[in-house]
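The block underneath contains the structure these notes are about, expressed in structure tokens.
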Amino acid sequence: MTSSAGAPEVTPILHVDMDAFFVSVAIRHQPELWDQPVVVGGHARGVVTCANYPARAYGVRAAMPGSMARRLCPQLVSVRLDSGEVAEVSHQVREIFRRATPLVEVVSVDEAFLDVRGATRLFGSPEEIAQRIRRQIAEELSITCSVGVAPTPSVAKVGSRKAKPDGVVVVRPEEIPGFLHPLDVGELYGVGPSTRTRLRRLGFETVGDIARTPVLTLHQILGPRLGGHLHRLATGTDQRELTGRLGPDLPDRSTGAQETFGHDLSDREDIVRELLRLSARVTRRMRRAGSVGRTVALTVRFTDFKTISRSRTLPDPTDVTQEVHAIAVRLYDELNLRGRALRLVGVRVEHLVAREGTDRQLVLGARERGWSEADRAIDQVTERFGSSLVRRASLLDQGRG
């Protein structure tokens with residue numbers, strides 16, 4: 001795509017995507033590993049969480065068992081990730097975004113849309129702003145990102161994917177057909193594997209196949225909602241305005257923790273104990289960030305790598321360990337696994353909001369002080385003396401806090 005810097009108002013949307021974010025954060029202070037094949041996860045019997053680009057060249061991918069990844073790439077380096085550092089770097093990345101524009105719509109810890117139409121007088125064309133953001137992230141955080149610059153969010157998203165790794169792709173309005181139409185339908189933003197399979201079964205193999213089909217025909221085949229949406233994506237006419245959600249004072253929308261066991265667990269008591277440990281880790285992180293969440297999600301993975309997730313939404317948002325743990329245990333019991341062995345469990349709290357200003361519904365007869373105060377007392381001791389000094393009674397026989 002063109003890299004000239006004229007007519008800044010026609011490509012005001014940036015999609016910025018960190019390159020192999022989790023690996024990049026884990027090794028950013030180890031330059032000797034930057035050109036080596038590296039993954040986060042994949043230890044022992046675990047799965048790969050993230051693979052850098054040298055590792056991907058060997059066919060290593062996220063969600064791949066570590067044993068398979070090492071067969072593909074015997075020299076693979078597996079590193080551990082500090083979730084606190086990930087959160088901090090993600091926050092620093094967002095601060096760099098907000099130096100350019102207040103219109104930042106965060107999609108996840110490692111990607112966001114930016115509307116820079118109000119920043120061009122100060123910082124230059126959208127492409128110049130993209131290059132400026134890339135330079136600041138590289139110089140200040142020692143990681144890289146890729147940026148798509150386009151008239152609409154969906155085209156910018158495809159552009160950043162084509163810019164990887166560590167590049168910029170600019171797509172102007174007149175270039176959209178030549179850019180989008182040759183692509184596989186699965187390249188469209190928001191089209192997942194099941195939708196891609198359905199579209200190909202109906203004869204839509206490329207984005208151009210959809211763009212060239214009359215909208216009314218798409219309505220008849222796919223339904224008015226999906227048909228119209230796909231046509232707008234395929235023609236680059238999705239004029240969605242960025243919401244700017246997750247502004248500077250709001251926390252991430254979800255946080256979680258999971259554990260791959262050294263040996264499979266099937267005893268309910270052992271699994272309940274693990275769920276408590278994970279719930280405590282997640283809620284401690286939430287309290288540190290000043291956030292509360294309304295939805296608790298449980299993930300279990302079996303020995304054959306089949307994975308099941310279940311969630312439940314609470315009447316009031318919470319950051320209380322005991323409440324999150326109780327829901328996680330209830331979700332586990334409702335799976336009725338009958339002692340089926342697990343290799344992984346995970347707990348996640350979603351729909352996070354800032355704790356300040358969030359009211360909980362009063363319950364008649366409830367204690368004035370309870371689990372919330374106990375959690376905060378534990379937090380204070382942990383911050384001062386470390387996690388080994390205070391541990392919940394049911395975790396006392398566990399070596400991990």
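Taking 4.0 Å as the cut-off between side-chain N and carboxylate O, Asp304 and Lys306 do not count as a salt-bridged pair. A salt bridge links Asp19 with Lys164; the closest basic N to acidic carboxylate O contact falls under 4.0 Å. With respect to Glu140 and Arg99, a salt bridge is recorded, a charged nitrogen being found less than 4.0 Å from a carboxylate O. At a threshold of 4.0 Å, the pair Asp270-Arg273 counts as salt-bridged, since one of the basic side-chain nitrogens sits closer than that to a carboxylate oxygen.
Of the N and O atoms on the side chains of Asp319 and Thr283, not one donor lies less than 3.5 Å from an acceptor on the other residue. His15 and Ser160 share a donor-acceptor pair across their side chains, judged by distance under 3.5 Å alone. Of the N and O atoms on the side chains of Arg285 and Thr255, at least one donor lies less than 3.5 Å from an acceptor on the other residue. Side-chain polar atoms of Thr307 and Arg301 form a donor-acceptor pair below 3.5 angstrom.
Note that Arg268 lies outside the cation-pi zone of Tyr332, set by a 6.0 Å cut-off to the ring centre and a 45° limit from the axis. Because its NZ or CZ atom is not both nearer than 6.0 Å to the ring centre of Phe97 and within 45° of the ring axis, Arg94 does not count as a cation-pi partner of that residue.
Residues Ile137 and Val93 have side chains in contact (heavy-atom distance under 4.5 Å, counting atoms from C-beta outward). Side chains of Arg310 and Glu334 form no contact here, defined as non-hydrogen atoms less than 4.5 Å apart. Within the 4.5 Å cutoff, no side-chain heavy atoms of Thr144 are placed close to those of Arg134. With a 4.5 Å cut-off on side-chain heavy atoms, Leu344 and Glu259 do not count as touching.
In this structure, His229 places its NE2 atom where only 12 or fewer heavy-atom neighbours from other residues, nucleotides or ligands lie under 6.0 Å away.
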- Begin from the C-alpha positions of Tyr189 and Phe113 and carry the test ring-ring contact (aromatic ring centres under 6.0 Å, His included) through to its verdict. CA-CA 13 Å; Tyr189 180 36; Phe113 291 103; 5.8 Å; yes

